[in-house]
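Only one structure is covered here, and it is reproduced in the block below.
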Amino acid sequence: MLSGRHILLIIGGGIAAYKSLDLIRRLRERGATVTPVLTRAGEEFVTPLSVSALAGRKVYRDLFDLTDEAEMGHIQLSRVADLVVVAPATADLMGRMAQGLASDLASTLLLATDTPVLIAPAMNVRMWEHPATRRNLARLEEDGVARVGPNDGDMACGEYGPGRMAEPLEIVAAIEARLGDGPLKGRRILVTSGPTHEPIDPVRYIANRSSGAQGTALASALAALGAEVAFVTGPAEVPPPAGVEVVRVDTAREMREAVMAALPVDAGVFAAAVADWRMKQESPRKLKKSRDGLPVLEFAENPDILREVAQMAEGRPRLVIGFAAETDDVQANAEAKRARKGCDWIVANDVSPASGVMGGSENAVTIIDDAGAESWPRMGKDMVARRLAERIAGTLA
Ligand code: CTP
């Protein structure tokens with residue numbers, strides 16, 4: 001439910017704007033107040049009248065509308081809401097947000113606001129994949145802008161691929177995750193995920209088979225229970241979830257820095273498969289077999305991020321959770337690892353090739369804590385994530 005919540009909805013100029021009419025309806029059904037802002041381009045797709053009729057209030061359109069400025073200045077308008085939602089967020093609007101431009105009412109509101117922002121991008125697949133949009137998106141993520149979608153699918157322009165705006169109910173779910181009264185509301189949780197890449201030379205690196213699926217599902221499940229999630233991810237195969245603060249890193253040392261910068265948190269979940277070793281000396285130039293012969297790789301130990309956080313004398317998260325990917329003696333190894341690292345729980349799983357867990361969609365985990373070991377049956381990684389998120393919520397309550 002979203003009763004008493006106030007959403008400032010900016011409708012950009014894309015064909016998906018028609019879905020925003022339904023979004024307004026869905027939000028109001030759940031008790032939210034929606035203040036709509038329609039861009040000039042948005043007006044080409046939906047009429048101000050239909051927007052204001054569905055919202056049950058005035059639609060704001062022009063920065064220089066003096067009546068509005070007298071009624072409610074744009075600064076104030078940008079701050080009355082609990083959340084600013086941009087749907088559809090067009091390539092142009094995202095570009096202007098990333099650049100900090102204030103060229104119309106929508107972009108001025110976005111620059112003036114100190115309220116969290118959620119975007120639902122919608123555009124042609126080529127535009128979505130264009131390096132300029134990638135850059136803008138990365139910058140917006142760095143700025144803490146949350147995102148839902150886009151989805152893959154047939155597009156109005158006749159092409160197929162990512163670029164379709166998320167469906168209204170998906171956007172509602174992302175809004176509820178941020179504003180709803182889930183059991184983790186008000187809690188900040190750090191999740192590390194994915195592998196790390198440790199460079200050997202400018203073209204080669206050491207990595208592992210982690211896809212990032214379990215960590216991503218966990219971050220998503222925690223956000224769905226209302227947590228504010230800081231998601232620190234190595235170069236994973238699966239894209240990061242919507243509605244979380246994403247920090248992308250490559251190496252273990254970068255991951256450590258990002259983790260320290262994300263503190264303090266109520267709980268830290270260390271699902272990343274951090275490389276234990278890096279090159280003692282990374283070669284600044286590509287190693288050549290003709291010149292260098294058979295290379296001898298000398299290793300150095302990476303910082304153990306989980307252990308460092310679990311053993312912090314000051315500012316330690318209340319709950320520190322490690323993962324143990326083992327190929328044999330799973331429980332015994334995991335129990336020893338829990339003691340060695342000093343974390344509260346270890347989520348142990350068998351990653352031997354026969355288990356199919358690494359890179360697969362299912363997982364069978366054993367949770368080890370002070371009370372002993374609890375083995376869960378094999379289930380989808382999403383389900384493991386949901387149950388873990390609920391267990392975390394129960395412990396932090
Ligand atoms: N971890 C970490 N930083 C590292 C290595 C691991 O934060 N440099 C975290 C992982 O995210 C995971 C747990 O520690 O939560 C797994 O540790 P792992 O590397 O498997 O354990 P090790 O102590 O290296 O033990 P072993 O090599 O015997 O498996």
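Starting from 1, each residue takes its place in the sequence as its number. All ligand and atom numbering here is 1-based and tracks the order in the structure.
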Original post:
Can D22 and K19 be counted as an ion pair, charged N to O under 4.0 angstrom?
Top reply: no

**OP:** For the pair K288 and D201, find out whether any cationic side-chain nitrogen is under 4.0 Å from an anionic carboxylate oxygen.
**Re:** no

**OP:** Dump the intermediate steps for salt bridge (Lys or Arg N to Asp or Glu O under 4.0 Å) on D369 and R391, then the final yes or no.
**Re:** CA-CA 12 Å; D369 62 10; R391 202 178 196 269; 3.2 Å; yes

**OP:** Drop me the distance from D350's CG to T366's OG1, to the nearest 0.5 angstrom.
**Re:** 9.5 Å

**OP:** Return the protein residues near ligand 1 (heavy atom under 4.0 Å from any of its atoms), ordered by chain and residue number.
**Re:** F270, A272, V274, D276, P303, D304, I305, L306, G322, F323, K337, R340, K341

**OP:** Using atom types as modelled and distance alone, determine if a side-chain donor or acceptor of E141 lies under 3.5 Å from a backbone N or O of V247.
**Re:** no

Subject >> same_hphob_cluster(V244, V85) at 4.5 Å side-chain heavy-atom cutoff >> reply: no

